[in-house]
J.: 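The structure follows.
Within every chain, numbering begins at 1; the chains are lettered A, B, ... in the order of the sequence lines, protein sequences first and strands thereafter.
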Protein chains: 2
Amino acid sequence: MARTDVRFRRAYNRLIELCGALAPGGSLPSENALAAEFGVSRTVVRAGLKRLVKVGILSWDGREKTVLRCPEERDRLALDGAASGDDMEELEARFLDWVLRFDVPAGTPLNVAQLSRDFGVAPHRLQEFLSSFTPFGLVERRPHGGWTLLGFTRDFAVELSEFRSVLELNAVRHVVNAPVDHSIWRQLGQIRGEHLALKEQIDAKFHDFSKLDERFHTALNSVVRNRFVAEFQKVISLIFHYHYMWDKTDERRRNAAAIEEHLALIDALEKRDAAAAEEAARGHLRTSMTTLLSSLRDHQLG
Amino acid sequence: MARTDVRFRRAYNRLIELCGALAPGGSLPSENALAAEFGVSRTVVRAGLKRLVKVGILSWDGREKTVLRCPEERDRLALDGAASGDDMEELEARFLDWVLRFDVPAGTPLNVAQLSRDFGVAPHRLQEFLSSFTPFGLVERRPHGGWTLLGFTRDFAVELSEFRSVLELNAVRHVVNAPVDHSIWRQLGQIRGEHLALKEQIDAKFHDFSKLDERFHTALNSVVRNRFVAEFQKVISLIFHYHYMWDKTDERRRNAAAIEEHLALIDALEKRDAAAAEEAARGHLRTSMTTLLSSLRDHQLG
DNA sequence: AAACGGAACTTTATGATTAAAAACAATTTG
DNA sequence: CAAATTGTTTTTAATCATAAAGTTCCGTTT
């Protein structure tokens, strides 16, 4: 009924390592120095030191911290569970995975307790997670408590695609006007090369397109230095990415076509032809939306 | 240490009203009917009925629910505290108010415990609230717990304005292509009238412009039926609204100029002149951003 | 001046408790 | 006897309290 002490355990293990590196008789640096090195507060360091004293590895008096004996492997504290890194992103991935894989219908009430058990996270963590999704219209808080999954309805897909188009056409206009020495031109050159390479081996490697696609769109949007655009771009690519992952129908042909569209857009951009670039972008966004919609339909029928 | 019983209290008071409407001797509908009408579960209804029996207003045996006496005002249960409606929106308003009124500098660490005391809400409520603001880049979670207010920096204002421009120019393009019988034309006609009326009395009523401005922009954006646009529009108008509220310098002149810009845009739209409309919109958005930026500067110098 | 010792305070995770909802079974009524 | 209503039980979820971990700030020591 309190917060976990992974923080302490990690720090303690690093202390152990430090003592191991020093010969018995050596001295540890100051509490502040240790805290700074481990990226924790002094309190944690001191708790660790206290424990080292207790198990007889260290003698500690004021600022004298002398290693008494070499720590052994069994002195380390066990870090049970993954608990590493940023849980939020993994949770996001798992949640979207769940929603799409099991084809949860729109309007399903979400049971926070149940989900938190399934996903192995604390209920309030899930709560926070869900509320972070609210602005994107994926879930909704019900008036009398609880949550509803609004889900990937047709309307959602259409509106998402439209919004994406608005942002992306804006990005294209920015790129056309980008100075010659902007890094985007180098990036586009490289991406064009990768497209051509993939085109050669499309039958064998058409699966690799998804990643290339994401890189291409991310590069375009990165020209617009805007935190709101970037934020939405993240969500958009997440959702498109997940949908493509589950929609395997006709993938080779789709990807081959998309490669051509990308190449046409890159050509127009490099010629600084605003009209042609916009036209190419519109065309590509249109097919993209069509694909998303048909994948939705297939998914619902299947 | 348990959930509140506002739900029960509200339902009970509605039962009281119902009993009052019926003459003594009248019968109440079924539990299910009552539950459906009040929008609560049968459990709550039954608890209410039980209580009515206890205070002698009702005789209840099986499906016989007979009113014994007329309930009085003091029979009602007190609903202490605001607790009504959606707290979240009020909290939002108070939070933004606090941020702007006290000119909290960017990068300030937010103390959840402190704020939750100040605002009189439970810490976890505030936590959830803050996390709902994260996608908009207003606050940020610090790696070792706690929150940082990223605040209304210059960059934030610029990027917000840019994003607004992208959305609004898109809206303008939609309006130009809207069919003749679209409700926007009626709305624009009315809004134009109000602009002209306000222009006549600009010296006396220039304060009224803020609301008119919001209505104008909301009307434009409503033509783009898109949940993402709508969501962002909400945030944008919130922030612009709050800033204008505190920046009173030169307000009369500013508003008079904005009225002219609005009128020019409405004219261009009604003529279906896409180029002129875009030009007018760009001009207006530019001055809007300039105003926001200068208000920021004044605010920081003051 | 830098490092330490300690206390006060925050954040965070979990229990306890109760309200409310939902599920289920039994009963009545038309 | 089918549908509706009621009685009962089980789950779910909102709230607060609590306790541990962690941070920060203070004065003190070296």
J.: Taking the nucleotide of DNA chain C with the closest heavy atom to each, which residue, B:T4 or B:G146, is nearer the 5' end?
T.: B:G146
J.: Could you state the CZ-C1' distance from A:R9 to D:dA20, rounded to the nearest angstrom?
T.: 13 Å
J.: Considering just the side-chain nitrogens and oxygens of B:R7, establish if one lies under 4.0 Å of OP1 or OP2 belonging to C:dA21.
T.: yes
J.: Hey, what are the protein-to-nucleotides 8-10 of chain C N/O distances that come in under 3.5 Å?
T.:
from, atom 1, to, atom 2, distance (Å)
C:dT10, OP1, B:R117, NH2, 3.1

J.: Please state how far atom CD in A:E31 lies from atom C1' in C:dG6, giving the value in whole angstrom units.
T.: 11 Å
J.: Using a heavy-atom cut-off of 4.0 Å across all strands, would you classify A:S30 as base, sugar-phosphate, or nothing?
T.: sugar-phosphate
J.: Is the NZ or CZ atom of B:R164 both under 6.0 Å from the centre of the six-membered ring of B:F232 and within 45° of that ring's axis?
T.: no
J.: Return whichever of B:F8 or A:G62 has its heavy-atom-nearest nucleotide of DNA chain C closer to the 5' end.
T.: A:G62
J.: Taking only the side-chain nitrogens and oxygens of B:S41, find out if one of them lies under 4.0 Å from OP1 or OP2 of C:dA21.
T.: yes
J.: If every non-hydrogen atom of A:R69 is compared with every non-hydrogen atom of A:D75, which pair is closest and at what distance?
T.: NH1-OD2, 3.2 Å
J.: Check A:L49, A:L68, A:T66 against A:L58 for a side-chain contact (heavy atoms from CB on, under 4.5 Å) and give me the one that passes.
T.: A:L49
J.: If you measure from CZ on B:R46 to CD on B:E31, what distance do you get to the nearest 0.5 Å?
T.: 4.5 Å
J.: Would you call the rings of B:F119 and B:W98 parallel, tilted or perpendicular, taking 30° and 60° as the class edges?
T.: perpendicular
J.: Relative to the ring of B:F129, is the ring of B:F95 parallel (under 30°), tilted (30 to 60°) or perpendicular (over 60°)?
T.: perpendicular
J.: Report the distance from atom CG of B:L34 to atom P of D:dT5, rounded to the nearest whole Å.
T.: 11 Å
J.: Nearest whole Å is fine: how far is D:dT5 P from B:D61 CG?
T.: 17 Å
J.: Can you tell me the distance, in whole Å, between the CG atom of B:L49 and the P atom of D:dT5?
T.: 14 Å
J.: Under 4.0 Å, counting only non-hydrogen atoms across every strand here, what does B:W147 touch: a base, just sugar-phosphate, or nothing?
T.: nothing
J.: Please state how far atom CZ in B:F38 lies from atom P in C:dA21, giving the value in whole angstrom units.
T.: 13 Å
J.: Using a cut-off of strictly less than 4.0 Å, decide whether B:Q127 has a side-chain nitrogen or oxygen near OP1 or OP2 of C:dT12.
T.: yes
J.: Show me the pairs that pass salt bridge (charged side-chain N to carboxylate O under 4.0 Å, His left out) and involve residues 51-63 of chain A, at least two apart or across chains.
T.: none
J.: Within this structure, what is the CD-to-P distance between B:E128 and D:dA13, rounded to whole angstrom?
T.: 14 Å
J.: Encode nucleotides 24-30 of chain C as B, S and - characters from 5' to 3', where the letter depends on protein heavy atoms closer than 4.0 Å: B to the base, S only to sugar-phosphate, - to neither.
T.: -----S-
J.: Mind calculating the distance between NZ (B:K50) and P (C:dA20) to the nearest angstrom?
T.: 13 Å
J.: Does the side chain of A:L28 reach to within under 4.5 Å of the side chain of A:W60, using non-hydrogen atoms?
T.: no
J.: Nearest heavy-atom pair of A:L22 and A:S27: which atoms, and what distance?
T.: CD2-O, 3.2 Å
J.: Would you indicate what A:D5 reaches in the nucleic acid, counting non-hydrogen atoms under 4.0 angstrom: base, sugar-phosphate, or nothing?
T.: sugar-phosphate
J.: Between A:F156 and B:F228, is the gap from one ring center to the other below 6.0 Å?
T.: yes
J.: So which one's nearest nucleotide on DNA chain D is more toward 5', B:K65 or B:R142?
T.: B:K65
